[in-house]
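Quick notes on the structure that follows.
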Number of protein chains: 2
Amino acid sequence: MTEKQQNILQAAGELFATEGYYATATSKVAKKAGVSEGLIFKHFGNKAGLLDAILQDGEKRIKLAYAFVIMQTDPKEVLRKTIELPFSISAEEYEFWKLQYKLKWELKEQPQDKMQPLYFSLEEAFSQLGYEDPATEADFLIQLIEGFGAALLKGQFADPDKIKALTLKKYGL
Amino acid sequence: MTEKQQNILQAAGELFATEGYYATATSKVAKKAGVSEGLIFKHFGNKAGLLDAILQDGEKRIKLAYAFVIMQTDPKEVLRKTIELPFSISAEEYEFWKLQYKLKWELKEQPQDKMQPLYFSLEEAFSQLGYEDPATEADFLIQLIEGFGAALLKGQFADPDKIKALTLKKYGL
DNA sequence: TCATAGTGAGTGATTACTCACTTTATAATC
DNA sequence: GATTATAAAGTGAGTAATCACTCACTATGA
């Protein structure tokens with residue numbers, strides 16, 4: 001991976017996240033990355049290939065974020081870390097997650113569900129904690145934190161800390 | 001409002017909801033609506049004007065949906081109706097809501113927050129029910145049902161009824 | 001010396017939008 | 001009630017700009 005290749009990935013990631021995939025012209029990606037437009041197609045084949053490369057890179061980062069949750073042994077810690085997940089998005093990860101959320105609505109074929117491993121981990125945790133319906137509880141919590149992630153990225157929360165505290169409290173944490 | 005004008009609105013709504021706003025060409029809207037492309041610009045000025053018309057129409061429908069919740073006097077009914085909201089989206093409203101959600105991510109300037117009246121209603125309900133922090137509870141629940149709406153529209157729930165039942169149970173309903 | 005990295009002008013297709021024009025509906029006048 | 005006037009509805013070919021993408025070419029490093 002050359003430096004210019006990384007510049008393209010970086011520029012495309014930012015533009016796709018802010019402007020959207022369809023609304024971003026490859027000419028603008030090239031300009032922002034400081035390369036010729038032709039180079040994009042030499043390296044990534046076409047615009048979709050460029051998106052794929054970004055998505056593949058993203059999948060690694062997402063799996064890493066979830067791995068930290070899944071590796072917890074204490075079921076209560078699994079819940080705690082899951083809930084804390086959307087609230088701990090750092091400034092430099094912000095655009096990356098915005099892109100992930102955005103693409104879920106923009107693309108026709110959904111990039112495969114990266115939540116699957118987390119789901120199993122949560123189901124197990126709820127089961128151990130004696131919840132009545134662990135499967136539905138896992139579904140519920142995943143959707144809750146997905147909603148929180150969306151709200152945070154769109155800046156819809158007046159006070160994120162209060163929401164986080166309330167959520168933890170609701171799960172007795 | 002002529003028949004052709006309504007056809008344009010209908011066709012654009014469907015295409016924007018499935019393909020996205022930027023990815024939909026006005027020529028395709030015209031073709032689907034069975035009118036000349038020029039007519040779109042005669043009636044709506046430009047593509048953004050067409051979107052505005054759809055959005056304005058949508059705002060009425062959204063306010064109507066919320067009004068039914070807000071008019072409830074019993075605080076428990078306010079919560080129940082709020083929770084039931086995303087699960088009661090009918091087939092013909094499906095595309096409309098999909099468009100609303102999609103545009104939240106696609107557009108730079110957010111169409112004003114239509115949840116505001118619901119927020120006040122929820123805050124009041126939680127207050128009456130003796131919840132400790134009604135404002136945060138309202139924020140929490142709104143984000144929960146927004147997340148549920150998104151999940152339902154993307155078909156991410158294995159069993160929506162179970163999620164609904166669990167949610168109602170969590171609020172003692 | 002040879003493969004890979006990188007360029008930039010050029011391609012046809014498609015984009016949002018315009019405009020001179022025709023058709024249709026409404027209503028006023030004879 | 002037929003005729004006429006007029007505004008609005010509707011058309012479709014045309015436009016400049018932009019789109020994703022190509023290709024003949026040069027630069028560079030092993």
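By convention in this document, chain letters (A, B, ...) are assigned in the order of the sequence lines, proteins followed by strands, and residues within each chain are numbered from 1.
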Atom [atom1] of [X] and atom [atom2] of [N]: how far apart are they, to the nearest Å?
{"X": "A:Ile40", "N": "D:dC19", "atom1": "CD1", "atom2": "P", "value": "12 Å"}
{"X": "B:Glu3", "N": "C:dT24", "atom1": "CD", "atom2": "P", "value": "14 Å"}
{"X": "A:Gln5", "N": "C:dA5", "atom1": "CD", "atom2": "P", "value": "7 Å"}
{"X": "A:Lys47", "N": "D:dT18", "atom1": "NZ", "atom2": "C1'", "value": "12 Å"}
{"X": "A:Leu39", "N": "D:dC21", "atom1": "CG", "atom2": "P", "value": "15 Å"}
{"X": "A:Phe41", "N": "C:dA5", "atom1": "CZ", "atom2": "P", "value": "17 Å"}
{"X": "B:Glu19", "N": "C:dT15", "atom1": "CD", "atom2": "P", "value": "11 Å"}
{"X": "A:Phe44", "N": "C:dA5", "atom1": "CZ", "atom2": "P", "value": "11 Å"}

### Query
Does a salt bridge link A:Glu132 with B:Lys169, judged by any charged N lying under 4.0 Å from a carboxylate O?
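A salt bridge links A:Glu132 with B:Lys169.
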Is it true that A:Lys28 and A:Glu14 make a salt bridge, defined as a side-chain N closer than 4.0 Å to a carboxylate O?
->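 Answer for the salt bridge query: no.
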Are OP1 or OP2 of [N] and a side-chain N or O of [X] less than 4.0 angstrom apart?
{"X": "B:Ser36", "N": "D:dG10", "result": "no"}
{"X": "B:Ser27", "N": "C:dT15", "result": "yes"}
{"X": "B:Thr2", "N": "D:dA9", "result": "no"}
{"X": "B:Lys42", "N": "D:dA9", "result": "no"}

- Can you name the nearest heavy-atom pair linking B:Thr18 to B:Lys102, along with the distance?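 Looking at all heavy atoms of both residues, the shortest contact is O-NZ, 3.0 Å.
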For this session: Mind checking A:Glu37 for me? I need base, sugar-phosphate or nothing, with any heavy atom below 4.0 Å counting as a touch.
Result: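 Base, at least one base heavy atom under 4.0 Å.
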For A:Lys4, report the nucleic acid contact type (base, sugar-phosphate, nothing); a contact means any heavy atom under 4.0 Å.
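Sugar-phosphate only.
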For this session: Flag yes if more than 12 heavy atoms outside A:Lys162 fall under 6.0 Å of its NZ atom; otherwise flag no.
Result: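 It does not: A:Lys162 NZ has 12 such atoms or fewer within range.
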Checklist entry - Between B:His43 and A:Asn46, which has a closest nucleotide on DNA chain D that is more 5'? => result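 The 5'-side residue here is B:His43.
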### Message
Strictly distance-based, threshold 3.5 Å: is any side-chain N or O of A:Lys63 a donor or acceptor partner for the main-chain N or O of A:Lys114?
### Response
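No, the answer is negative, given that no donor and acceptor are paired below the 3.5 Å cut-off.
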